[in-house]
Amino acid sequence: MSTPRSQSLWEWACRIAPPVTKKKLPSEEVHDHPLKPMTITVSETRGASKRLGTGTSTPTPSLVMDPLGAALDGSDPLSQFAKDPLTSDAWDATDSQTTKVASSTDEYMEPWHTRRAVILNKFTTSEKLSMVSSFLSAGEKVVRAQSSVSSIVRTRLEQLDDYDDGTMRELANLTQQEYIIRIEQLNKQLVHNWEKDSRVNALRIAIQCSALLEDTSVIQFYPSKFVLITDILDSFGKLVYDRIKAKAESKIMSGRRASTTLPDNFTPDMIPEEAKEICSNWFYKCSSIRELVRRLYVEASILKTYSFLTKAEFSQALTRLTKMVRGIGDPLVAVYARCYLCRVGMSVSTINRQFLKENFYDFLATYHQLFSGPVRSVLNTQKVDMCTYLHLYTPALEWIVQGLAHNAPESLLVEILSRCYHKGNSALLLNTVMTSFRPSYVSSRALYFIELISACNTEGYPQYLLFKSLGNCLSVAETESPLQVLNEVWKVISKLEQPAQYIACAEVWAHFIVTHFSNHEINIFLGDIILHMTPNRVYEQFYPQLLNIVDKVVTNCADFESLFSMDKFLPLIDMFHGETIKVNVCKSIMAAYMSRGSKELSNDPIVIDALMFVCRGMHDSVSVLTVEDEKRQIGLLISQLVRQVNFGQDLEQQLSYFVEARAAFTNLDSVHSTLVQCVNKLSVNTGRIVRGHHTRKTASFVRACAAYCYITIPSIFSEYTRLQLYLLSAEVALMNQCLGQADACLKAALSLVPELPTSIEVDGKMRSSEPYLTSYISHFLSLLLIVPDSPQLGVLYLLRGLLNVLKHYTWDQNSSARIRIYLYVIDMLSTAAQETYPYSIRKVDSNDVLYGSDPKFIAEINSVCSGLIEEILTHLKFLGSSEQLHKQAALAFDLFIRIVIRGDLTSPGLATLALNLWNLANKNRLLDSKLAGRTVEYLKRRSPTQGVQQNVYNELLNKLGS
């Protein structure tokens, strides 16, 4: 394979282009920034589509967001969902109290699935559980006993409920998790039997599951058991309803009616008689169940199927079932039966909800049973206190009252309060009313509720829970006389001796206080918290509550200057001693500050010192064990603070702050990187203020800024970040005529290149760092063009240093990155040989001014280019010998382009070298024919500017054309 011959047959000489007269492009004044978000005005025409109307509607501006500029605020788009403002504690983990996060005017009805999840998480047990069923073992054959009853009823009874000892299986000593697994198995077995057309077995499973709700042997688990069992009943009810509906639609289809599906609002007269008969048969089966609780639950589960018979039956059935509950002796079993009945009844939107009031008033009639002797005897046996027992009623009772209060007038609240007032031990009832009715109804009677709470007997239900519920209502609704309300409430709360009770109330009332009172009252409130939490360091047990209080204070505070002027705020922050909780509270404060969207921070030293104290708390938690994402979040928050501190025209004070920040945050590369960029920005702003004409004072200041950057960059761990910052700092130093500082930064960058790792992690995969290095060197060369040579160090000393570094760098043997960089160097040197450079920096004399196209300078450039071309030719031989022909053709073509554009073809042998490279690139037809054709056409259109070169250039073109 032939390759271009040695340098002895050719000499490189840069082509010197004649001075070009710069043409000023036409310009015009604009009023809008071309990169700002676009606003499109949409005019809607009246009339039919594709037809111009006679009038247009009001133009509607539509904002088109810039996807690249949306993240310029430094925010992390992933962490924006870390805390959803719509989520809250729908159910308090301490007292199972429902908190409505809605305004007083919101028509809010908590969905059952939300309450269901909270119940399962709260009401757990470590006691052993048991269950009885004939379907606990898949495939078990049940031997049925003979019955002495003879009739149709006997047949149904034989099918439905054989509970003899020989047919039922009992599993005892089950853990809670094992019990849940068994319940899930029953649910799957029910669906499996239904799909196999074994309807009777499916019904038997529903009956036997209902029987489990009669058992209160592990009373503290009963609410969760209710949820699990009613899930099975809901599934059973849906299967029955869907089957009857499908049967009705199949009969409609056989009758060839116009529509084969029933509408959502179908009426009983649309249902065929056969489907109605099947529906009635299901209710006959339910009526054949002997036990009250089982019959009630099963019939309630299929209550919706009454819509196939008659609409009027709903109200009658609900009334009948409501009265049936009165026969249940256990008040806990009865209240949950009422809860299920109300939940099923409310799913039918067309019925009168009077039955809700009847169920609640029936509960009030039997309320005294909760404190009766038999109940207390059971609690003593199971070692359950009265407070725990009353909390078991909360989920069911609140669901009933919430449904009753939904969209209800204010008069209903007055009616219910009057009934509850006459009940002894009415704390449970008062709490239910406050958590179920609209907060606006409660807040308008805040003083009256305080009077009721203070007067009621709180046996088994602590008074602080009532004040907590009241605080939840007042936090989301306006109230009259807030100071009077707070004084009355805090008389009680401040006297609470149990820290857990006190902090529970303080956590809830914090929102009310920070939204209705000034900083003076907030400061007193924080001092009271410190007073109660400091003894015996009890605050260590309530960090989540204290963090929530701090979050409410900083979120609702009018301004941070007044916040940090409070003498109780920072002492409250000092109470957080654990690293994790300390970081969380500091993050909360900084996130609240950043969410204000302020662009500048006041130069108030109190505020700055306080925020620095908060950031130091986050920074000091960083260690070698800290995960990268945690470092990123902390670094982002601190960097945002660094950017927002602004002392205006006091530049020295600004630089002093950056020096202080560097000393305070030594463990975070992202913060140091931000500091370097901020100092560079400060230096640029200084040059802008003096318009490039530095005085002795400003010149010293920008040199100090450059020194700050030069000292700070080595402390950054990432080599890639250091390289970029060195180059950026050199550019800024050059803009401010700090030539020595610019040289120092460029030298430091060159010395760092050998330390650059050969691989870099990108998207979790290791990639070669050579593409990054190639891009960086290209940027480096663009700056190096206008950096003047130092008189003490000789011509092109920085470029020679770069070439020396590249020579000793460890390159991949199969990579052409080094040779690609050599081509870039030839481009840069060819530009450096011109009489005038295409760009320059004001008040900085580049080499075009220093040397003025001196022949020695040009000769030095030509010598360096010759050496580079020799290196490239050697690599071309290597590519040819290693059969990398495509790479060889591409490189030969690139060098050919450099020679014909950058080189002086009148130089001896250079045109021949160019022609040899062209032939090498076209050998074996590896070069794209279209690219080759376009290249020749371009060279024909491009006439040489020197007359003596015309003949050589034409001769080369003729050879290329042939």
Side-chain angles (χ1 to χ4, degrees), residues 92 94-100 104 360-361 363-364 367-368 370-371 386-387 390-391 393-394 397-398 401-402 404-405 408-498 501-513 515-517 521 524-525 528:
D92 186 82
T94 303
D95 59 10
S96 72
Q97 157 179 289
T98 302
T99 304
K100 299 175 184 178
S104 59
F360 180 65
Y361 286 168
F363 173 78
L364 290 182
Y367 184 67
H368 63 280
L370 276 63
F371 308 93
M386 181 59 69
C387 181
L390 292 181
H391 276 79
Y393 285 83
T394 307
L397 192 57
E398 284 188 351
V401 179
Q402 188 183 54
L404 182 61
E410 199 167 355
S411 58
L412 181 62
L413 173 62
V414 179
E415 178 184 342
I416 290 179
L417 282 178
S418 64
R419 289 187 176 241
C420 295
Y421 181 77
H422 300 288
K423 296 294 179 182
N425 301 314
S426 60
L428 174 62
L429 301 176
L430 276 178
N431 186 76
T432 302
V433 169
M434 286 188 291
T435 56
S436 300
F437 276 87
R438 290 184 182 181
S440 58
Y441 291 175
V442 178
S443 63
S444 63
R445 295 171 174 78
L447 294 175
Y448 177 63
F449 272 96
I450 294 174
E451 180 182 349
L452 293 177
I453 294 172
S454 302
C456 73
N457 186 346
T458 57
E459 179 191 2
Y461 208 93
Q463 191 179 52
Y464 82 94
L465 294 180
L466 301 179
F467 282 112
K468 185 176 179 182
S469 298
L470 180 61
N472 278 320
C473 294
L474 300 185
S475 297
V476 295
E478 294 296 329
T479 183
E480 298 180 359
S481 306
L483 182 58
Q484 183 180 0
V485 170
L486 182 61
N487 288 334
E488 294 295 330
V489 171
W490 218 253
K491 288 178 183 178
V492 180
I493 295 178
S494 61
K495 295 179 182 179
L496 293 174
E497 297 179 357
Q498 295 295 328
Q501 297 180 5
Y502 173 83
I503 198 63
C505 292
E507 180 185 6
V508 171
W509 283 88
H511 187 275
F512 176 78
I513 294 174
T515 54
H516 288 86
F517 297 98
E521 287 79 9
I524 296 175
F525 168 65
D528 193 57

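Count residues from 1 along the sequence.
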Hey, what do you get for CG (L452) to SG (C420), rounding to the nearest 0.5 Å?
9.5 Å
Flag side-chain contact, heavy atom, 4.5 Å: F449 against V485
no
Close side-chain approach of F437 to Q402, heavy-atom, < 4.5 Å
no
Looking at CD of E507 and CG of N472, how far apart are the two atoms once the value is rounded to the nearest 0.5 Å?
9.0 Å
Under 3.5 Å: donor-acceptor pair, side chain of N487, backbone of L483:
yes
Heavy-atom nearest pair, L428 first then L390, reads CD1-O, 3.9 Å
Check for a donor-acceptor pair, side chain of S443 on one end and backbone N or O of L474 on the other, with a separation under 3.5 Å.
no
When rounded to the nearest 0.5 angstrom, what is the spacing between CG in L430 and CG in L417?
7.0 Å
Report the relative orientation of the aromatic rings in H391 and Y461; use parallel for angles under 30°, tilted for 30 to 60°, perpendicular for over 60°.
parallel
Heavy-atom closest contact (V489 atom, L470 atom, distance):
CG2-CD2, 4.5 Å
How long is the span from the CD1 atom in I503 to the OH atom in Y464, to the nearest 0.5 Å?
12.0 Å
H516 side chain to P482 backbone, donor-acceptor under 3.5 Å:
no
Would you find a donor on one side and an acceptor on the other, under 3.5 Å apart, between the side chain of W509 and the backbone of F467?
yes
Is atom CD of E415 surrounded by more than 12 heavy atoms (other residues, nucleotides or ligands) closer than 6.0 Å?
yes
Value for OH (Y421) from SG (C456), rounded to nearest 0.5 Å, stands at 10.5 Å
Are the side chain of S436 and the backbone N or O of V433 linked by a donor-acceptor pair below 3.5 Å?
no
Minimum heavy-atom separation for A408 to Y441, with atom names?
O-OH, 3.1 Å
After noting the C-alpha distance and the side-chain angles of Y393 and T432, does the key distance pass the side chain to side chain contact (heavy atoms under 4.5 Å, CB included) rule?
CA-CA 10 Å; Y393 285 83; T432 302; over 6 Å; no
Are there more than 12 heavy atoms of other residues, nucleotides or ligands under 6.0 Å from atom OH of Y448?
yes
Locate the shortest heavy-atom distance separating C473 from M434; write the atom from each residue and the value.
SG-O, 3.0 Å
Looking at E410 and R445, does any basic side-chain N land under 4.0 Å from a carboxylate oxygen?
yes
Any W490 side-chain heavy atom under 4.5 Å of F525 side chain
yes
Please report the interatomic distance CG(L413) to OG(S444), rounded to the nearest 0.5 Å.
7.5 Å
Could you tell me which non-hydrogen atom of I453 sits nearest to which non-hydrogen atom of Q463, and how far apart they are?
O-NE2, 3.2 Å
Between E398 and T435, is there a side-chain donor-acceptor contact under 3.5 Å, judged purely by atom types and distance?
yes
Check whether any side-chain N or O of Y361 sits under 3.5 Å from a backbone N or O of I416 as a donor-acceptor pair, and report yes or no.
no
Tell me, do L397 and L429 make a side-chain contact under 4.5 Å, heavy atoms counted?
yes
Give a yes or no answer on whether the side chain of K468 reaches the backbone of V508 with a donor-acceptor pair at less than 3.5 Å.
no
With no hydrogens and no angle check, is any side-chain donor or acceptor of E488 less than 3.5 Å from a backbone partner on L447?
no
